[in-house]
Amino acid sequence: MSEQIDNVLHENRAFPPSKDFQSQARLNSFEQYQRMYAESLQDPEAFWGRVAQELPWIRPFDQVLDWSDAPFASWFQGGQLNASAICLDQHVANGRGDKLAIRWEGEPGDRRDFTYRELLEEVGRFANVLKARGVQRGDRVAIYMPMIPELTMAVLACARIGAVHSVVFGGFSAQALADRIHDGDCCAVITSDGGWRRGKVLPLKQEVDTALATCKGVHTQLVIRRCGNEVAWDEKRDVWYHEAAEQVGSDCPPEAMESEDLLFLLYTSGSTGKPKGIMHSTGGYMVGAYLSARYIFDLREDDVYWCTADVGWITGHSYIVYGPMANGVTQVMYEGAPNAPAENRFWDICERHGVTVFYTAPTAIRAFMKWGDQHVKRHDLSKLRLLGSVGEPINPEAWMWYRKLVGGDRCPIVDTWWQTETGGIMISPLPGITATHPGCASLPFFGVDAAILDLQGNELGPDQGGLLALQKPWPSMLRGIWGDAKRYRDTYWSKWPGKMVYFAGDGARRDPDGLFWILGRVDDVINVSGHRLSTMEVESALVSHPGVVEAAVVGRPDELTGEAIVAFVIPQGGVTDDPLVIQALSDHVVHEIGKLARPAEIRLTEALPKTRSGKIMRRLLRDIASGREQVQDLSTIENPAVLDQLRGKKA
Ligand code: WT7
């Protein structure tokens, strides 16, 4: 069987960076990129050894990379460092203590700012509270919090004392939290009484209480007071942070961590089975987060950076906490929903804080498009200079909207491809160098030996879609799956027997200029009459119709064609049963892609099933489309009610 994915969408628009942007960018010549990239692959030890020395080490490393026990890598062996000291102490020591680190805004409109010096004090105090409760180096600590400054402090406080943080997104259920606490064998949980979301209090402590009923290994629940809502209390286990903080000082020297000591666990759900505790260690991760944030977001001294992700995802770990802070930037942090109190909230924040670099997800961009241009147009976004996208392939329609409406047709968009497992961005435009193209992740970052392979491991040629593979270890790579070395090998390193190559699970193609276009998860590929189509491209075609807000496309078994295309479509202006609407959409796909892509069925719907991070759950749609009983794990779905609606409805 050929693993080729036919590439059917043709995108020819190109947007080079403006002269102005280019002249001020950290990297601004293609030759410079090529030189650095070539060195990073040919002599990774020299390249990464030099980059690593830009960070303050407590003890210098002896060896850059040891890959002799592949796929278990060891980077910067012999070196000692502390991630919180890289994010805080170095800036204070270098005279940047008075620079704002965080400009935080709560959903109700309350504000708190912290300079790097203030943040260092708060983190020191936080770390001392953890120590006073008996948390030690190497212990695992679960963090389940809203997007308040104490979330960043909690993460950095763990890093400061060498405890391993395991942040669980605050939107997960008590059951999901309990599973993760159990798996990581956590001894403490940090939470808050509640958090604000669309004007309501999310009762976080209550969820933790439910989870802890089955987690006897947790000796401490540390609770931040955020909303003042009523909470139950266990005198032996529960501690108010503000009370404990009065008992300790703010001076807490950073623990000297070995480069390969675990910095954190972060759980990611596979399509089946229990969530995987992805392990990231200290030295390599920090070097990767630092360098990628610096070059891809082109960070400058005067930037006001805003990544709208939650710290509960890898995006928040690498591009809210560690990457930006290692670079000493000023950043905006926001607690609540993008439509609270109204649909202009993000643009209002951008205008008032003078945001210059803005990083968000395609799912958010599509929501903004649906809410209407007027919410963006009301605001002065002229300070913005760079936009980013992450999380899933961005359809060209959304990309163009983002560029025009938010970016004023002036800001480059970096479409950044990476994964929880990769720790940092792997494929992305470099904004001062690359002409960007709608839907194109562009160039491999330094040290990233990306290739498109077929099932046999042969490299495919230009414009041939195949499996995205990473052929060399990189500093911020995962170090394993917590407690399951076999699953680590099987999932990521066994796709091509005999080759130590990382399989990302995504399909992609490289165009004749060598740029990468991500086609989505390979389990999202449909095979119609021997043509392997990326669901993403059919979705992009649908969404380019003015009457479509969002679309998800899956395959269902078909006697004649192998698989047939089923499209779930959210129409602009509500669901109708007008057959002409369906016909028009179907014709549109044929017009955009060709006859082979004509959907066998189009179902109009009000909503699509999504994970809490906003990814469409195509595996559920596949079951629905083929009339199968649901056997999938539903613990990560954001909106379970939508499933019944989809099953009942046949347009
Ligand atoms: C998967 C990883 C990386 C942080 C957030 C998601 C998809 C991610 C892109 C992009 C196309 C993308 C891939 C990847 N993905 N970014 N720019 N273009 N696809 O982290 O939950 O670990 O998911 O997200 O399918 O494998 P994650």
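Remember, it's a predicted structure, so these values are computed and weren't measured experimentally. Values below: every heavy atom of this structure, side chains too, minus hydrogens, waters and symmetry copies. When a ligand or atom number is given, it counts from 1 through the structure's own listing order.
Here the side chain of His317 pairs no donor or acceptor atom with the backbone of Gly423 at under 3.5 angstrom. Between the side chain of Tyr319 and the main chain of Gly424, no donor-acceptor pair closer than 3.5 Å is present. Listed for the Tyr290 side chain is no donor-acceptor partner under 3.5 Å among the backbone atoms of Val51.
Ligand 1 does not have Trp313 within reach: every non-hydrogen atom of the residue lies 4.0 Å or more from it. Ligand 1 lies within reach of Gly391, whose nearest heavy atom is under 4.0 Å from it. For the ligand labelled ligand 1, residue Met536 lies outside the 4.0 Å heavy-atom shell.
Contacts of Gln419 with ligand 1, taken as heavy-atom pairs under 4.0 Å, involve both backbone and side chain. At a heavy-atom distance under 4.0 Å, only backbone atoms of Thr416 (N, CA, C or O) approach ligand 1.
Considering Ile278, Asp506, Val522, Asp415 only, the shortest heavy-atom separation from atom 25 (O) of ligand 1 involves Asp506. Taking only non-hydrogen atoms, the option from Glu392, Arg521, Met426, His317 nearest to atom 9 (C) of ligand 1 is Glu392.
Between Trp399 and Tyr402, a ring centre-to-centre spacing not shorter than 6.0 Å is recorded.
Atoms of ligand 1 found under 4.0 Å from any heavy atom of Ile314, numbered from 1 in the order shown, are 4 (C). Each of the atoms 11 (C), 19 (N) of ligand 1 lies under 4.0 Å from some heavy atom of Ile518.
Between Val355 and Phe346 there is no side-chain heavy-atom pair separated by less than 4.5 Å.
When only non-hydrogen protein atoms are considered, atom 6 (C) of ligand 1 lies nearest to Lys615 NZ, 3.5 Å. Atom 11 (C) of ligand 1 has its closest protein heavy atom at Pro393 N, 3.1 Å. The nearest heavy-atom contact from the protein to atom 22 (O) of ligand 1 is Thr420 OG1, 2.6 Å. For atom 4 (C) of ligand 1, the nearest protein heavy atom (residue, atom name, distance) is Thr315 OG1, 3.2 Å. Nearest protein heavy-atom contact of atom 2 (C) of ligand 1 is Trp418 O, 3.6 Å.
In this structure Asp409 satisfies the side-chain hydrogen bond (donor to acceptor under 3.5 Å, both in side chains) test together with Arg403, sequence neighbours excluded. Contacts of Tyr305 classified as ring pair (Phe, Tyr, Trp, His ring centres under 6.0 Å), with partners at least two apart in sequence or in another chain: Phe297.
Of all the heavy atoms in Arg385 and Asp298, the pair that sits closest is NH2-O, 2.7 Å.
Using a 30° and 60° split on the angle between ring planes, Trp496 and Phe503 fall in the perpendicular class, above 60°.
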